[in-house]
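What follows is one structure encoded as structure tokens, with my remarks underneath.
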Amino acid sequence: AKRDGRNGFRFYTPDMTVEVRQRVMMMDELREAIEKQQFLLHFQPQVCLTTGEVIGAEALVRWMHPEKGLIPPNDFIPYAESSGQIAQIGEWVLMEACTKMSEWRAQGYNLRKVAVNISNQQLRRKSLVMLVKQALADTKCQPETLELEITESTLMQNPEDMVEELVQLKALGVSLAIDDFGTGYSSLSYLKQLPINKLKIDRSFVRDLDVDENDRAITRAIIALGKSLNLTVIAEGVEYASQVSFLASEQCEQIQGYLYSKPLPEEAFLAYLKEHKSR
Ligand code: C2E
Ligand code: CA
Ligand code: CA
Ligand code: CA
């Protein structure tokens with residue numbers, strides 16, 4: 001097969017394995033999806049545990065495939081990461097989230113923050129700071145209403161290099177959250193140096209809070225760590241009232257999960273906001 005620059009293989013040969021074939025097809029389909037902008041965002045409310053108010057929303061990308069319908073991110077983001085196409089998808093997500101936030105605020109919705117997932121590849125590109133700056137300017141989105149979620153494993157792959165990058169992002173006025181916290185072996189000394197605002201307790205710890213003493217211990221420790229570093233702590237993947245009780249007893253501040261709402265298309269999300277009042 002022939003290479004087509006950094007976009008990968010151009011056509012298929014019989015000697016390709018099924019897996020390689022699948023990757024190549026995915027890459028071609030993604031290229032088309034990017035050209036035709038076949039993506040959309042869903043928004044999942046983030047709720048204040050004590051008041052029940054919606055304080056933010058996480059923007060989560062979906063692929064509107066012309067034949068296959070709505071494709072969840074776990075089925076294409078990993079491919080896009082390895083092909084490099086995540087850069088273009090991520091840029092679209094950032095622009096779209098900022099555009100929506102700006103529109104909603106102009107319409108009088110008082111949502112405090114929209115959170116956008118930043119992939120490993122995106123963070124490693126030197127242009128991310130410029131991109132975020134441009135997106136804010138182009139959409140007239142107020143920086144303090146944008147939050148960037150970066151996974152713990154991405155941050156801790158190269159923490160020395162991350163400090164400067166994050167400092168520059170932070171200087172734009174946006175806030176920074178560490179996603180999937182607890183799964184990535186943070187170095188506590190780096191954690192202290194990083195200009196972050198929020199820890200998101202990974203769903204894997206939240207899931208079995210009712211039955212697993214270890215998960216309770218880890219969750220308790222993360223909340224305590226967050227408090228001592230002056231960070232907001234949010235638990236993700238909350239599905240049961242019993243999990244909320246435990247999180248409340250440990251004074252976790254925010255929660256996100258199916259118990260409150262699944263990620264919603266824009267219209268349904270705005271209806272949810274109206275019903276649940278944000279501030
Ligand atoms: P994530 O950043 O950890 O996002 C949370 C995922 O957990 C979302 O899945 C959300 O729908 C799901 N979730 C939320 N509450 C619950 C719950 O109570 N129970 C269960 N079982 N699941 C819950 P989703 O939307 O399928 O996204 C999966 C992953 O795809 C995200 O995980 C993130 O890593 C990635 N992703 C999504 N959108 C983007 C994006 O715009 N850019 C990048 N780079 N990655 C994205
Ligand atoms: Ca996330
Ligand atoms: Ca997460
Ligand atoms: Ca995750």
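One-based numbering, in listed order, for ligands and for the atoms of each. Keep in mind that this is a model prediction, so the values were computed, not measured. For the numbers below, each heavy atom of this structure counts, side chains included, while hydrogens, waters and symmetry mates do not.
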What I want to find out is whether Lys200 reaches Glu147 closely enough, with some N-O distance under 4.0 Å, to be called a salt bridge. no

Under-4.0 Å salt bridge between Glu19 and Arg23: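 A salt bridge is present here (some side-chain N lies under 4.0 Å from a carboxylate O).
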
Indicate if Ile77 and Leu60 have the same hydrophobic cluster label, given that clusters are the connected sets of ILVMFWY residues with side-chain heavy-atom separations under 4.5 angstrom. no

With sequence neighbours excluded, what pairs up with Asp75 under the side-chain hydrogen bond (donor to acceptor under 3.5 Å, both in side chains) test? none

Those atoms of ligand 1 less than 4.0 Å from some heavy atom in [X]:
X      : result
Gly237 : 15 (N), 16 (C), 17 (C), 18 (O)
Glu239 : 17 (C), 18 (O), 19 (N), 20 (C), 21 (N)
Pro73  : 24 (P), 25 (O), 26 (O), 27 (O), 28 (C), 30 (O), 36 (N), 37 (C)
Gln44  : 14 (C), 15 (N)
Asn74  : 28 (C), 29 (C), 30 (O)
Ser119 : 44 (N)
Val238 : 18 (O)

Regarding [X] and [Y], is there a side-chain donor-to-acceptor distance under 3.5 Å anywhere?
X      : Y      : value
Asp202 : Thr183 : no
Arg124 : Gln157 : yes
Glu236 : Gln256 : no
Gln168 : Glu164 : yes

Is ligand 1 under 4.0 Å from a heavy atom in the side chain of [X], in the backbone, in both, or in neither?
X      : answer
Val61  : both
Asp180 : side chain
Pro263 : side chain
Glu58  : side chain
Arg203 : side chain
Gln256 : neither

Ignoring water, what protein N, O or S atoms are under 3.0 Å from the Ca ion (ligand 2)?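 Atoms qualifying: Glu58 OE2, Asn117 OD1, Glu149 OE1, Asp179 OD2.
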
NZ/Lys198 to CG/Leu148 distance, rounded to the nearest 0.5 angstrom? 11.5 Å

Quick one: NZ on Lys113 to CD on Gln142, what's the gap to the nearest 0.5 Å? 10.5 Å

Non-hydrogen atom of Arg62 closer than 4.0 Å to ligand 1: yes

Can you tell me if Glu81 contacts ligand 1 (heavy atom of the residue under 4.0 Å from the ligand)? no

Would you indicate whether the side-chain heavy atoms of Lys192 and Leu229 approach each other to under 4.5 Å?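 Counting from C-beta outward, Leu229 and Lys192 do come under 4.5 Å.
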
Can you establish whether the number of heavy atoms outside Tyr240 located under 6.0 Å from its atom OH is more than 12?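 Result for OH/Tyr240: open.
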
Phe43: what forms a ring pair (Phe, Tyr, Trp, His ring centres under 6.0 Å) with it, not counting sequence neighbours?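 Only Trp104, Phe269 meet the ring pair (Phe, Tyr, Trp, His ring centres under 6.0 Å) criterion with Phe43.
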
Name the atoms and distances for all side-chain donor-acceptor pairs under 3.5 Å in residues 61-72, with sequence neighbours left out.
{"unit_1": "Arg62", "atom_1": "NE", "unit_2": "His42", "atom_2": "ND1", "d": "3.1"}
{"unit_1": "Trp63", "atom_1": "NE1", "unit_2": "Gln38", "atom_2": "OE1", "d": "3.1"}
{"unit_1": "His65", "atom_1": "ND1", "unit_2": "Glu67", "atom_2": "N", "d": "3.1"}
{"unit_1": "His65", "atom_1": "ND1", "unit_2": "Lys68", "atom_2": "N", "d": "3.0"}
{"unit_1": "His65", "atom_1": "NE2", "unit_2": "Glu29", "atom_2": "OE1", "d": "2.4"}
{"unit_1": "Lys68", "atom_1": "NZ", "unit_2": "Glu29", "atom_2": "OE2", "d": "3.1"}

From Trp92, Tyr240, Tyr258 - option closest to atom 16 (C) of ligand 1 by heavy atom: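 Going through Trp92, Tyr240, Tyr258 one by one, Tyr258 has the nearest heavy atom to atom 16 (C) of ligand 1.
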
